[in-house]
Protein chains: 2
Amino acid sequence: MNNSRFPISLHILTLLASDEGVLKSSDHIAGSININPVLVRKEISNLRKHGMIESKEGKNGGATLSRPANQILLSEIYHAVQQSSLLGNSKNKPNPNCPIGRQINQHLDDLYNELENVLLNKLAHMTLSDFVKQFENQ
Amino acid sequence: MNNSRFPISLHILTLLASDEGVLKSSDHIAGSININPVLVRKEISNLRKHGMIESKEGKNGGATLSRPANQILLSEIYHAVQQSSLLGNSKNKPNPNCPIGRQINQHLDDLYNELENVLLNKLAHMTLSDFVKQFENQ
DNA sequence: TTGTACTGTAATAATATAAATTACAGTATG
DNA sequence: CATACTGTAATTTATATTATTACAGTACAA
């Protein structure tokens, strides 16, 4: 998880959940996050592929949640944006002639998977709705 | 955790633990990880500051564990290399005029802290010794 | 007492990754 | 059919990571 895709996706979903049923444009969302609208559209495209968002093209188009916020788990968002593993991929190519180097990537992968499961288990008990409820009406 | 400092530090410590009491040079360690020796020395310097490693300068110098491997927790290693937060820092600067944008970084930070605690709790129950035991003698 | 093999660390260069920007075809609406 | 959007590709720019160079300092051993 080396970039800010998780916070961006969560921000998008939070905006949509805070005004459920209303279509929001990528420009409007980008204005709230303060990033480029194209990045927002990319993340929306990704969230759509993962079944959390629906979007409508054309004039007055935009994005909206495809399900109630209390049926969207934070673990789903994590899965949707996850590319590399948690603590940094084992992208090193250790020396295969070293008994440690030869085996370490496998053991690192096992460790990461174990940690990731712990994290996902936690996130699977939190809904988007829980997250949005924390926001005060200001 | 956006770089590979955790795997590098764990690799260094694994090498030292696999041959406890013996001084290993940064060149030798770098050869196993297959990275630049200066990076290894930087990580060793960091691990030394965090009390996990001792090192000796000069000819025949090198690094060694400062405690038995069963007294080094993986959570300590995590702490030693940790810079940014888990899922990507809230480095975005959302629009303060948006009710969601204004509050989201605080809620993201809270969420990250909660997740990080779960992770650290898991890592605090794993020792370097446990990790090294997995390696087969080849 | 001096050559050698190391550490420690700063400064810089190279590379990889992420983010912003530009561009434009496609779509729905009024 | 003009307008306001989405969708997506291509490119540029910015930022972060990693490698490299350089060199002073230290300990050992002949």
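Any value given below was found using the heavy atoms of this structure, including those in side chains, with hydrogens, waters and symmetry copies removed. To find a chain, count down the sequence lines: A is the first, B the second, and so on, and within it residues start at 1.
With sequence neighbours left out, the side chain to side chain contact (heavy atoms under 4.5 Å, CB included) criterion links A:L73 to A:S75, A:E76, A:T127. Residues passing the side chain to side chain contact (heavy atoms under 4.5 Å, CB included) test with A:E54, sequence neighbours excluded: A:T64, A:S66. Remark: B:N95 engages B:N97, B:C98 in a side chain to side chain contact (heavy atoms under 4.5 Å, CB included) (not counting sequence neighbours). For A:F131, the ring pair (Phe, Tyr, Trp, His ring centres under 6.0 Å) partners two or more places apart in sequence, or in a different chain, are A:F135. Applying the side chain to side chain contact (heavy atoms under 4.5 Å, CB included) test to A:N113 and every residue at least two apart in sequence or in another chain returns A:E116.
As a whole-Å value, the separation of A:H11 NE2 from C:dA19 C1' is 17 Å. For the pair A:L16 CG and D:dT6 C1', the interatomic distance rounds to 14 Å; values are reported in whole Å. Going from atom CG of A:N92 over to atom P of D:dA19 covers 8 Å, rounded to whole Å. Put simply, CG on A:D27 is 17 Å from P on D:dT3, counting in whole angstrom units.
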Sequence neighbours left out, cut at 3.5 Å: what donor-acceptor pairs do the side chains of residues 30-37 of chain A make with other protein atoms?
residue, atom, partner, partner atom, Å
A:S32, OG, A:H11, NE2, 2.8
A:N34, ND2, B:K93, O, 2.9
A:N36, OD1, A:V38, N, 3.0

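The phosphate of C:dA19 (OP1 or OP2) has a side-chain N or O of A:S4 nearer than 4.0 angstrom. Within the structure, a side-chain polar atom (N or O) of A:S55 is placed less than 4.0 Å from OP1 or OP2 of D:dG7. Distances shown here put every side-chain N or O of A:S25 at or beyond 4.0 Å from the OP1 or OP2 atom of D:dA4.
For the segment residues 28-53 of chain B, residues with any heavy atom less than 4.0 angstrom from an atom of DNA chain C are, sorted by number, B:V38, B:R41, B:S45, B:R48.
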Enumerate the protein-to-nucleotides 27-30 of chain D contacts in which both atoms are nitrogen or oxygen and the separation is below 3.5 Å.
residue, atom, partner, partner atom, Å
D:dA27, N3, B:K59, N, 3.4
D:dC28, OP1, B:K56, NZ, 2.9

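B:V118 belongs to a hydrophobic cluster whose other members, connected by ILVMFWY side-chain contacts under 4.5 Å either directly or through intermediates, are A:V118.
One distance of note links CG of B:L65 with OG of B:S18; it measures 9.0 Å at 0.5 Å rounding.
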